[in-house]
Amino acid sequence: MVTSDRGGGGKLTKVLGLGYWVQGFRCFPWLVVSFYLKDGLNVDPSTLQILQNSANLPMVGKPLYGLVSDSVYISGQHRVPYIAFGAFLQALSWLIIAISPSNMSIFTISTYLLLSNLGASIAEVANDAIVAEMAKQSPSSTKHLQPSSSGNLQSFVWIASSAGGVLGNLLGGVFIGRFYPQTMFLYFGLLLALQFFITILVPESSLGLPKSPSVGIRNQLSQLLVALRKPEIAYSISWFTASYAIIPALTGTMFFYQTQHLKINSSVLGISKVFGQATMLLWGIIYNQYFKSVPPRKLISAIQAMMAFFMISDFLFVRGFYRQMGVPDSLYVVIFSGFLEVLFFFKILPFSVLIAQMCPPGCEGSIMAFLMSSVALAFIVSGYLGVALASYIKITGTDFSGFPLGLLIQAACTLVPTFWSSCISDKVESKARRKD
């Protein structure tokens, strides 16, 4: 049984809080990247969406990073060194972008963005593994780490990430018209460098993590495969992945529609993202207080249906329905578009709690990494499907006549997974209690 003191609890919350806060703050440079690609490199909506989704390819390798994190120890540690290494790779890539010429090629900036997301993926895997490990400990073993029991730790890191997102989007929206993109990339690179130095000063032994012997990558892979063969895990992850992949994302088209067609100011888009991240922050608090006891299947299905509802609202927005009712376009973008953008991520919180309960001991990093890798791949597939849909209905950077039809198709595809939500396991916590 692992015991933890108050100092260990403080260091745990510092490492995880900082890690997830920086993870949320990554929207700060990425908001700039979208405008840089559109205005600086003059890419069209489909190219913008392809570049943004392709930059997430390192996220697909998360199972590999999880296997290495679970089985390969560095100086007796197998979580903190990977968080530090991930921060280092991100700092390196953004600092290089900051000092590079402003007229760099699409290939060059794509390479650096891939390196940045590789570092982010490695750090996220280690952070998620710590959360999964601590969330499974008994209350007696975590009495000084109150955030780590009964899903509280997941809510804590969710709130930390959302808080980072709120500040990142707020500063991004304010600074984007006042500073050169390279200056903003420099600030973020320096922040990541600070995270690196703070992280390497925290010994992993002080975090109170469960002790698990290194079993080697081959044995770890075998354990992962055994875990993935469990029906409750396999079916749940399959549904969750498909629920994202089946949706043809039209984010690039919406970005061009708002900025090119409606001439929405960049500061308004920044405020919209701030509003979205604020609702993410609020969702973490509300879930922890009121929805932890709601069956995961019911809650996740309700969120999926709500996503489809707001996509129909976007259809009405593009058709000018709200404008005719006297609602300014900028107000709709701030509230509804900002909320829909983050609503996609709402179901990750209850699902991560569910999966953490099902993870076999010693396999937390691998399972959580496989889950997030599957989600990343699903988002990439969704982005490519959106590009194909936009091309099929002939949406361009100047012609949005087919956009309403695309949004209706998107809403219909979003609603489809609710009809097979029975694949989601719904009784994990009660099983755990019976075993106790």
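Just so it is clear, the structure is predicted and the values come from calculations on it, not from any experiment. Keep in mind that the numbers below use all heavy atoms, side chains included, and drop hydrogens, waters and symmetry copies.
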Classify the ring geometry between Phe28 and Phe188 as parallel (under 30°), tilted (30 to 60°) or perpendicular (over 60°). tilted
Could you tell me whether the side chains of Ser421 and Gln304 share a donor-acceptor contact shorter than 3.5 Å? no
What is the ring orientation for Phe336 with Phe310, classed by angle as parallel under 30°, tilted 30 to 60°, or perpendicular over 60°? tilted
Strictly by ring-ring contact (aromatic ring centres under 6.0 Å, His included), give each pair with a member in residues 395-414 just once, sequence neighbours left out. Tyr257-Phe400, Tyr257-Phe403, His261-Phe400
May I ask you to check whether Thr47 and Asp44 show a side-chain donor-acceptor distance below 3.5 Å? yes
Pairs touching residues 293-319 that satisfy salt bridge (charged side-chain N to carboxylate O under 4.0 Å, His left out), sequence neighbours left out: none
Would you call the rings of Phe346 and Phe339 parallel, tilted or perpendicular if under 30° counts as parallel and over 60° as perpendicular? perpendicular
Using distance alone, with no hydrogens and no angle criterion, decide if Tyr20 and Ser162 have a side-chain donor and acceptor under 3.5 Å apart. no
Under 3.5 Å, is there a donor on one side chain and an acceptor on the other for Ser116 and Trp94? yes
Report, one line per pair, each donor and acceptor closer than 3.5 Å where one atom sits in a side chain of residues 190-199; sequence neighbours left out.
{"residue": "Thr199", "atom": "OG1", "partner": "Gln195", "partner atom": "O", "Å": "2.7"}

Pair Arg323-Asp329, salt bridge (Lys or Arg N to Asp or Glu O under 4.0 Å): steps then yes or no: CA-CA 7 Å; Arg323 195 178 306 120; Asp329 291 335; 3.1 Å; yes
Distance, nearest 0.5 Å, that separates CE of Met372 from CG of Asn127: 12.0 Å
Would you say the side-chain atoms of His78 pair up with the backbone N or O of Ser69, donor to acceptor, closer than 3.5 Å? yes
Let me see the working for Phe175 and Phe179 under ring pair (Phe, Tyr, Trp, His ring centres under 6.0 Å), right down to the final yes or no. CA-CA 6 Å; Phe175 292 165; Phe179 294 93; 5.0 Å; yes
Do Tyr65 and Ser373 have a side chain donor and acceptor closer than 3.5 Å? no
Taking side chain to side chain donor-acceptor pair (under 3.5 Å) as the criterion, tell me which of Glu124, Arg26, Gln90 meets it with Asn117. Arg26
When you check the side-chain N and O atoms of Lys347 and Ser243, is any donor under 3.5 Å from an acceptor? yes
